[in-house]
Amino acid sequence: MAKKERVLVLGNQACVEGAIYAGMRFYAGYPITPSTEVAEGCARELPKIGGRFIQMEDEIGSIAAVIGASVAGLKSMTATSGPGYSLMVENIGYAYMTETPCVIVNVQRGGPSTGLPTKVSQSDTMQAQWGPHGDYTAITVAPSTILETVTETIRAFNLAERFRTPVTVLLDEVMGHSRQIISLPEPGEIEIFNRVKPTVSPEEYLPFEITENYVTPMPAYGEGYRYVITGLTHDQKGFTTNKPEEIAPKLHKLRHKIIDYKDEITKLRAEMMDDAEIAFISYGSVSRAALQATDIARKVGVKVGCLQLQTIWPFPDKEIAEICGGCRKVIVGELNMGQIVNYVRSALPGDIEVVPLQRYDGEILTPMQLIEKLEEVL
Amino acid sequence: MATAVKEKQKSNVVLDYLRPGKAMPTVWCAGCGHGIVMNGIIRAIDKTGLSKDEIVMASGIGCSSRMPIYLDFNALHTTHGRSLAFATGVKFARPELKVMVVTGDGDALAIGGNHFIHACRRNIDITCILLNNYIYGMTGGQGSPTTPSQAFSTTTPYDNAEKHFEPTKLAIAAGASYVARTTVYHAPQMEKLILNGLLHRGFSLIEVISNCHTYFGRLNRQGDAVKMINDFKERSVPIARAKSMSAEELEGKIVTGLLHKKETTEFCDVYQSVVDRVQKGM
């Protein structure tokens, strides 16, 4: 087999490569630092493969166009940063309610408000789950390397199509603006999932049917299945409803189509965890520092391991408890004031001490800071 | 007698386009002008010869925005003000579909104002029917961007200090290539203007003045539906005649007809030519 070509890729460009590999053919977005290279990459690459790029008038319009393109049959994506994500949450909620597959990339910067446009942060982690109002269960993935940015973006599309739901890819300024030499996946190397289409006749088709696995086959506009898509709570036919016996099953569907299939969604990377007494738990760019800190500490005989959450939502509580069950202590490193640390706390038995390590000054957590914290708790 | 009524209903083209399984009546009050507009839209669509599968009808939030739910097309009932942005995504993804937007004065011009002007600017091939009844009906009669100065609403209980938008002027200035206005009194004209809007390649806006006697009419002592629609008739001036009238003479009048038409390139067509060029390596 010929040796794979090695290329130097920017994080935001890696996201574009992953999306196109996954079959993304529609991008709508609005410029915002530090995500803009995703839009620029799509503007450049999509016409070459017959795809479509549009710069909308704002982020609200961007996610609206993305949802419109998805119901018309194209795999669609947008990318933004915190302030733009805040504008998008209205229609991300619409995508949850209408069960429309799409991918939203959030290259995080410091907040709240316009915050720190050029500085790194992980302070939108909670927003990725709880952005829109109402009850629903979110899926969020978070890569920590440039190659993972390719593969996790592909996974985000697969999950969106499999579960008919919006999926957020959480990057951050460091992830988006780092470069690494990687080999891109060859065609066919990674499996691609496409939404299931109905096999019944239009007369028999129920557009929001509560099926055995809760996911309803989804036709594209123009394929003969004319139905109503509405953000109002609807029955299985898609018609608006105020009936208690129809409202609860709809919300039950939105939640259980995700949490009952959590095993298909959860993905973690455990390094040197087998005999670890202390674990670093982290995600995104912090995981790179945590891995290096683990390497350094292991060289001097400290039994430490590194656990990276590639799926953040739904929160992998069961898996964290399994993997960290033998630890005395875990150190949760985040670039925020503590957004997952309490989820980790409630996932673990009370005799495992959970130690937060937080940085929220616009800078990264360095391997040395993680080692200092490790020395403190040894 | 009953048989004759049934026979007449059978021949009514409108019935062919109502969504099967959708319980009636509509949310609209008895006498609401929106039903007349729905009728006009159906009759126009029927004349285009397009199949129901080819038509996407998007809308936002408000009384008028309920329309796609009642009609047997691909319906996209979206969030408040955003329908044109959703419709842009549908049209750009699948340019072979005929995309329509049904919107109201609050939906299109207040919360959706930005999407409205940019859809006009792109000249994307969407037919937008704006049902202007000068008020927010669904929430119970609040002032909208088209509520005239000094008119009453539940949020302008003493006076309206604001000035109003003229949607057609806004659309023309923003770049829409087909702009027309009519009222629910002028049913045949409405059907013709909508049909020509559907046949036009580019962004078309058809503003239809509609009666909300329940709120606007009651709060401004304009009487019932019949009285309000009669008033539209009396205040209307065809564009040909309006051209020779002074600004003072046109005060309070509703200028009807095709106000603006321009042959120019359409967004999806231009983008496709870019794709073709890029793929040929030019």
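So that the names make sense, note that chain A is the first sequence line, chain B the second, and so on, each numbered from 1.
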Go through the atoms of [X] and report whether side chain, backbone, both or neither lie under 4.5 Å from a heavy atom of chain B.
X	answer
V66(A)	neither
Y221(A)	both
Y225(A)	backbone

Measuring only between side-chain heavy atoms, which start at C-beta, is [X] closer than 4.5 Å to [Y]?
X	Y	value
T79(B)	M97(A)	no
F239(A)	R19(B)	yes
H115(B)	I60(A)	yes
D53(B)	R226(A)	yes

For the [atom1] atom of [X] and the [atom2] atom of [Y], what is their distance to the nearest 0.5 Å?
X	Y	atom1	atom2	value
T88(B)	I54(A)	OG1	CD1	6.0 Å
F86(B)	T100(A)	CZ	OG1	8.0 Å
I63(A)	R82(B)	CD1	CZ	12.5 Å

More than 12 heavy atoms from other groups under 6.0 Å of [atom1] on [X]:
X	atom1	result
F165(B)	CZ	no
K262(B)	NZ	no
E245(A)	CD	yes
K169(B)	NZ	no
Y30(A)	OH	no
K22(B)	NZ	yes
Q272(B)	CD	yes

Contact winner vs chain B - [options], heavy-atom pairs under 4.5 Å:
options	value
L74(A), V228(A), L46(A)	V228(A)
I49(A), V71(A), N91(A)	N91(A)
T240(A), I229(A), D58(A)	I229(A)

So which residue, [options], ends up with the most heavy-atom pairs under 4.5 Å with chain A?
options	value
L84(B), V56(B), I117(B)	V56(B)
E54(B), H80(B), M57(B), H118(B)	H118(B)
V275(B), V278(B), V274(B), D72(B)	D72(B)

Heavy-atom pair of closest approach, residues [X] and [Y]:
X	Y	result
A85(B)	G61(A)	CB-CA, 3.6 Å
A220(A)	R94(B)	CB-NH1, 3.9 Å
Y271(B)	G51(A)	CE2-O, 3.6 Å
P95(B)	R52(A)	CG-NH2, 4.4 Å

Non-hydrogen atoms of chain A under 4.5 Å away: do they reach the side chain of [X], the backbone, both or neither?
X	value
V90(B)	both
L76(B)	both
F92(B)	both

Check against salt bridge (Lys or Arg N to Asp or Glu O under 4.0 Å), R122(B) and E57(A) = CA-CA 11 Å; R122(B) 287 189 190 99; E57(A) 50 272 16; 2.7 Å; yes
